[in-house]
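Worksheet for the structure shown next.
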Number of protein chains: 2
Amino acid sequence: MNSKLEAFVMHCGEMGSRWGFNRTIGQMCGLILISKNPLTANEISDALNISRGNVSMGIKELQAWRLIQVQHIPGDRKEYYAPAGDIWTLALRVFEERRKREVDPTLSLLRDNLLTEPSNDAELYALEQMQQIHDLLETITHWAAELPKMGPEKLNTLMRLGAGVGKVLDMKDKFLNSADK
Amino acid sequence: MNSKLEAFVMHCGEMGSRWGFNRTIGQMCGLILISKNPLTANEISDALNISRGNVSMGIKELQAWRLIQVQHIPGDRKEYYAPAGDIWTLALRVFEERRKREVDPTLSLLRDNLLTEPSNDAELYALEQMQQIHDLLETITHWAAELPKMGPEKLNTLMRLGAGVGKVLDMKDKFLNSADK
DNA sequence: TTAAAGTTTCAGTAATTTCTGAAACTTCGG
DNA sequence: CCGAAGTTTCAGAAATTACTGAAACTTTAA
C-alpha cells in the first residue's frame, strides 16, 4: 500500500483509543474509510496484520457504532464491508454514540441525586454544583439531538459563522421586536 | 461522606476514562467539584483512599487540563485545590483540551498527506476521502475556537434554539437580501 | 446430508495502563 | 545550617484491556 495511505491508517490506530475505541478498531475504521472498494474480513486481517478473530470483534464493534455496513457481491458468499455513509454522517454517529456513553449515564445519575434534600451546608453546595452540571449536560443533549436534523450545508453555514452567530441571534431579536410593533 | 455525594464521586471515577482521563483522576475531579472548601492533597488521598503519590500525579494532570487551581490559606503552608472556574468554564476547557488531543494531530497529518499527488485510482479516492475528513475537522476546529468567545448566556440561547437555528439562518439571509435592495 | 467456505466465540496470553510507597527533593522558620 | 512539613518522582507491582488462534458454529450449494 502507498506509504501515505498506510501512514493514515496507522495514525487512526494511534488515535483509536482517544476516539473511543482501540488501536485495532481505529486502524480498521481508517482502512475501510479510504478504500475505494468494500473489503472482506480476510483482506482487513491481511492488510493490518491482525488476527482473523480480532477483525471479527472489530467489525461487530464498528457495526455497533453504525460506522460500517455489510455489502454482498452477487455470486460471492463473502461479506464485504464499507463505510456506512459520507463523512458527515459518520462524524455525527461518532458524536452521538459518544454522547450516549459519556453523557447519558451521568445525566441519569444526576437526575436521581437531585431528588435528594440537602441536610447540611456542604451537601447543599454539592447539590447546587450537580444542578449546574445537570443543566449543562441537558442543554448539550438537547442540542445534540437537533444536530442531525439539520442538513450538512446548514451545519456548515452554522459552523463557519462561529461566534458570528451571536450577531445573528441579536439580529433575530431586533427583527422580532420590530415585527412586534 | 453522604452516600449520594459519594455515589457521584465514584461515578466520576467510572466515567473518567471515557472523559479522557483515568479512574483516579475522574474521582479527584468530581470530589473537588462538589467540595465547598478547597482540599489539600492529603484530604484527597484520604477521602478517595488512594496513595499520596497518585494524588500528586493526578493534580499535575488536572492542572494540565486547567480544571483546578491552587489556593493558599494565610499562615498555612499547605496547598489547597479548588475548581478553576464555573461549570461552563470547566466544560469548555475539557472540550478544548480534548480537541487538541483528538483532532489536532489528525488535522496536521492530513494536511501533510494532502500535499501528495495521487498516482492511481485507489489513491485518488483515498485522498478525496481524506480531504473530506480534513475539511470537516477544520470546520469543527474553527467553530470550537469561537465558542469561548461567546458568553454562557449566548451559548445557552444558541443551544436551546437547536435545529431552530436553521430558521434564524434563513431569516438572516432574508434580512440581508432586503437590505441589499 | 455433506463438506466447503466463511464467521464467531472465548480461554489463555500479551501488552498497556495505572497505582503504590519509599526515597529524593523543596521550602521555610528558627 | 537544621529539621519539620510538605511535595514530587519513579521503579516495580497490580489491574485492566486487547489480541491470538484454535475450536465451534453457520450458511450454502450440490
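Model, not experiment: these values are computed from the prediction. Here is the naming used below: chain letters follow the sequence lines, and residue numbers restart at 1 for every chain.
Rounded to an integer number of Å, the gap from CG of A/Leu62 to P of C/dT8 is 13 Å. Rounded to an integer number of Å, the gap from CG of B/Asn22 to C1' of D/dA15 is 12 Å. With rounding to whole Å, A/Arg23 atom CZ is found 20 Å from D/dT16 atom P. The distance from atom CZ of A/Phe21 to atom P of D/dT17 is 17 Å, rounded to the nearest whole Å. Rounded to a whole Å, the CD atom of B/Glu14 is 15 Å from the C1' atom of D/dT16. Taking atom CD of B/Glu61 as the reference point, atom C1' of D/dT9 lies 15 Å away to the nearest angstrom. Here the P atom of nucleotide D/dT28 and the CD1 atom of A/Ile73 are 16 Å apart, to the nearest Å. Atom-to-atom, NE2 of A/His72 to C1' of D/dT27 comes out at 11 Å; the value is rounded to the nearest Å.
The side chain of A/Lys60 contributes an N or O atom lying less than 4.0 Å from OP1 or OP2 of C/dT9.
Comparing C/dT18, D/dG6, C/dT8 against the side chain of B/Lys78 picks out D/dG6 as the nearest.
Contact check for A/Leu110 versus B/Phe8: side-chain heavy atoms found under the 4.5 Å cut-off. Contact check for A/Tyr81 versus A/Gln63: side-chain heavy atoms found under the 4.5 Å cut-off.
With respect to the salt-bridge test (charged N to carboxylate O, under 4.0 angstrom), the residues B/Lys36 and A/Glu128 do not qualify. For B/Glu138 and B/Arg111, the salt-bridge test passes: some basic side-chain N is under 4.0 Å from an acidic carboxylate O. Using a 4.0 Å cut-off between charged nitrogen and carboxylate oxygen, B/Arg93 and B/Glu97 do not count as a salt-bridge pair. We find that B/Glu96 and B/Arg99 are not joined by a salt bridge, their nearest charged nitrogen and carboxylate oxygen being 4.0 Å or further apart.
Each of A/Ser17 and A/Glu79 has a nearest nucleotide on DNA chain C; the 5'-most of these lies closest to A/Glu79.
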Reading nucleotides 20-30 of chain C from the 5' end, what letters show protein touch, with B for base, S for backbone sugar-phosphate only, - for no heavy atom under 4.0 Å? BB-----BS--
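In this model, a donor atom of one side chain and an acceptor atom of the other lie less than 3.5 Å apart for A/Thr89 and A/Asp86.
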